[in-house]
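Remarks on the structure that follows.
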Amino acid sequence: MFRWKATAALTAIAALALTGCAGGAGDDTSGGGDSGRADRLTLTAIIGPTSYDIGSGAEYGNRSPFFQAVFDTLLQKNAAGEIEPWLATAWEYNEDNTVLTLTLRDDVTFTDDEPLDAEAVVASLEHFRDGTSPQSATMAGKEFAVVDETTVTITQDAPDPSLVNLLSIAPGLIQAPSTLGQPDAATNPVGSGPYVLDSAASVTGTTYAYTANPDYWNPDVVKYDNLTINVIEDPTATLNAMKAGEANGAKIVNNDTIPEIEASGWTIKANELDFQGLLLLDRAGTMAPELADVQVRQAINMAFDREALLDALQAGYGSVTEQVFPETSVGYDAALDETYPYDPEAAKDLLAEAGYPDGFTLNMMSTPAFQTTFDLVAQQLADIGITVNYTDPGSGNFITDMLAPKYPATWMALEQNPDWQLINFMIAPGATFNPFGYSDPTVDEYITTIQMGTEDEAAEATKALNAYIVDQAWFAPFFRVQGTFAVDANTDLEFWPTNAYPSIFGFSPKN
């Protein structure tokens, strides 16, 4: 969902000794052996899995490679972020988009030799829906049924435009039926994926070693005989591991290390998945009456020098933006990023027109982990007459207090999800990051069309929705952050545009 808390904690941790590493670029990565693959791919990650049981631990984002190694998803995303067949070879909705029919491959088995058939798929989907994984609520209310050995239906009360995408990430993971709910499923996963966890060579929380599944149904996509993922939380330790040749690919937390990484001969791959900025949550003015006035919210948007903030906070790595929909969205419009030029004097005029010529005080949260960010936000708002009154609720309470809600506005870093997920994440009356439950009849109408309309109608409504919330200044985004992954001279990578961590199928050895 969002990863700012993990990042904040990780950047504050003292440098860790690099232990349990199972070799990296020093291994034979040039290929060879009878498989025609490279011997080993060694990666670093900033966080490990809490559990391999999909009902309690399944998660994508920075935990995705651990699950993708051992489990298959029903559908798959390619390097362009497009949905492709995987375990399901075809999918089709009924006339009112409430029943999705999936046609499954008939040649897949789990690594315990159980058949991966419709009964196994339904069992996994139900286990995920009824579990406690971070995205389990996305499948709430959906019913799954076996039609025959290779056909499954998913029935829902109303159309869910995000369903097909969900089946390509955590909710679409398929686990062997014999392991569902079993205690050892947390540490001994059984799936149909490209690799098998080598428990004897793994250290929970530190090192995860995998060997290629000899019976994998899609062997051409497996480029390495062995995969190792080392969890290294501290950015300095990650950099040291890279310099020592103990990894082929590494997640980079601090973009200001990019020049040093490139100078070491590594290649940078990047996407822009998250945005940072202000969430102007109390749009009805129940806690901060000033925020009920659209001119006040527009003035706040004009207070920020986004280019300067990007340079100061991200060393320039990223793109300024004034919209929460990502570039991959059908609703994205580059012209919207020029709606609110940096203009403190014009912002003051808007505040005066709204009845606040002397400004006002706005209560917000802060946290020491991002103190520079909060100082700059307060400084730029002060330049237009808004005094920020910060309270530090403690890092453990930052999200809890935001969603209570205890504050009318806050700085936040959030993932720019695909359209329907983003709407239900940030915009809809019941969205997680709409804690005041704010609704607007125009927005509600657009949401209904996106859910119930034709594909063309939904696309037009998404564009109109994005333009409307920018005009109404529901948010004050600053920039999209560059998510960075580095690979060594022996490794190629096609980086997903839609996930924080690359697909394991995106790595390949250089010839």
Side-chain angles (χ1 to χ4, degrees), residues 1-7 9-11 24 41-52 54 57-73 76-81 133-135 165-166 168-173 189 193-195 197 205-208 210 221 223-224 227-235 238 241-242 247-255 258 261 266-274 317 326 328 413-418 421 480-488 491-508:
M1 194 162 64
F2 44 82
R3 293 176 299 284
W4 80 270
K5 287 201 296 183
T7 302
L10 300 176
T11 55
L41 175 67
T42 300
L43 306 174
T44 73
I46 62 173
I47 193 168
T50 58
S51 169
Y52 276 107
I54 64 171
E59 190 175 352
Y60 262 41
N62 280 305
R63 288 189 167 106
S64 63
F66 303 98
F67 293 97
Q68 203 181 26
V70 294
F71 300 117
D72 280 312
T73 46
Q76 182 65 278
K77 285 180 182 169
N78 62 21
S133 291
Q135 285 187 301
N165 178 69
L166 290 170
S168 72
I169 53 177
L173 293 166
Y195 292 93
L197 180 68
T206 301
T207 299
Y208 297 82
Y210 307 85
V221 301
K223 305 299 183 183
Y224 299 88
L227 169 67
T228 300
I229 307 175
N230 293 312
V231 179
I232 308 178
E233 297 177 335
D234 178 65
T238 297
M242 295 165 65
N248 305 113
K251 174 69 177 178
I252 305 303
V253 174
N254 292 344
N255 281 334
I258 287 176
I261 291 168
W266 285 58
T267 299
I268 295 297
K269 301 290 184 176
N271 63 14
E272 292 182 358
L273 189 63
D274 298 347
Y317 292 104
T328 53
L414 289 177
E415 183 174 304
Q416 294 185 301
N417 291 297
Q421 290 168 244
R480 289 186 299 275
V481 182
Q482 176 175 304
T484 304
F485 201 92
V487 289
D488 70 357
T491 310
D492 278 325
L493 171 63
E494 291 184 297
F495 196 176
W496 278 344
T498 54
N499 197 60
Y501 203 96
S503 167
I504 59 171
F505 300 116
F507 294 93
S508 60

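Heavy-atom basis, side chains included; hydrogens, waters and symmetry copies ignored.
- Residue L273 holds its CG atom at 12.5 Å from CD of Q482, rounded to the nearest 0.5 Å.
- Here Y210 contributes atom OH and F66 contributes atom CZ; the two are 5.5 Å apart, rounded to the nearest 0.5 Å.
- By the ring pair (Phe, Tyr, Trp, His ring centres under 6.0 Å) test, F505 is found to be paired with W86, residues two or more places apart in sequence or in another chain being considered.
- Scored by the ring pair (Phe, Tyr, Trp, His ring centres under 6.0 Å) test, Y60 finds no partners at all (sequence neighbours excluded).
- You'll find the side chain of E272 stays beyond 4.5 Å of the side chain of V481, heavy atoms only.
- Not a single side-chain hydrogen bond (donor to acceptor under 3.5 Å, both in side chains) links T73 to another residue, sequence neighbours left out.
- Partners of R63 by salt bridge (Lys or Arg N to Asp or Glu O under 4.0 Å), not counting sequence neighbours, listed by chain and number: E59.
- A 4.5 Å side-chain heavy-atom check between Q135 and L166 finds at least one atom pair inside the cut-off.
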Pair N230, T207 - check side-chain hydrogen bond (donor to acceptor under 3.5 Å, both in side chains), show working.
CA-CA 5 Å; N230 293 312; T207 299; 3.0 Å; yes

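- Taking CG of L43 as the start and CG of L41 as the end, the distance is 4.0 Å to the nearest 0.5 Å.
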Would K77 and N499 satisfy side-chain hydrogen bond (donor to acceptor under 3.5 Å, both in side chains), going step by step from the backbone distance to the final call?
CA-CA 10 Å; K77 285 180 182 169; N499 197 60; over 6 Å; no

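- Using a 4.5 Å heavy-atom threshold, the side chains of T491 and F507 count as touching.
- Minimum heavy-atom separation, V487 to W266: C-CE3, 3.2 Å.
- Looking at every heavy atom in both residues, Y501 comes nearest to T44 through OH-O, 2.8 Å.
- Shortest non-hydrogen contact noted between A58 and S133 is N-OG, 3.2 Å.
- The shortest side-chain heavy-atom distance between T484 and I268 falls under the 4.5 Å cut-off.
- The two residues P65 and N62 come nearest to each other via the heavy atoms CD-O, 3.8 Å.
- Defined by atom type and a distance below 3.5 Å, a donor-acceptor pair is present between the side-chain atoms of N165 and Q421.
- Once rounded to the nearest 0.5 Å, the distance linking CD of Q68 with CD1 of I169 reads 11.5 Å.
- Nearest heavy atoms, F67 versus G57: CZ-O, 3.1 Å.
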Evaluate the side chain to side chain contact (heavy atoms under 4.5 Å, CB included) criterion for residues M242 and I261: first the C-alpha distance (whole Å), next the side-chain angles of each, then the deciding distance (0.1 Å), finally the verdict.
CA-CA 8 Å; M242 295 165 65; I261 291 168; 3.6 Å; yes

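- Summarising the geometry, atom CG belonging to N271 is positioned 11.0 Å from atom CH2 belonging to W496; distances are rounded to the nearest 0.5 Å.
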Step by step, would you call Y317 with I258 a side chain to side chain contact (heavy atoms under 4.5 Å, CB included)?
CA-CA 9 Å; Y317 292 104; I258 287 176; 3.6 Å; yes

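- Rounding to the nearest 0.5 Å places CG of L493 at 6.0 Å from NZ of K269.
- For S508, there are no side-chain hydrogen bond (donor to acceptor under 3.5 Å, both in side chains) partners two or more places apart in sequence or in a different chain.
- Counting only heavy atoms from C-beta outward, the side chains of I46 and V231 never approach each other to under 4.5 Å.
- The two atoms that bring L197 and P189 nearest to each other are CD2-CD, 3.6 Å, heavy atoms only.
- Scanning for ring pair (Phe, Tyr, Trp, His ring centres under 6.0 Å) contacts around Y195 gives an empty result, with sequence neighbours left out.
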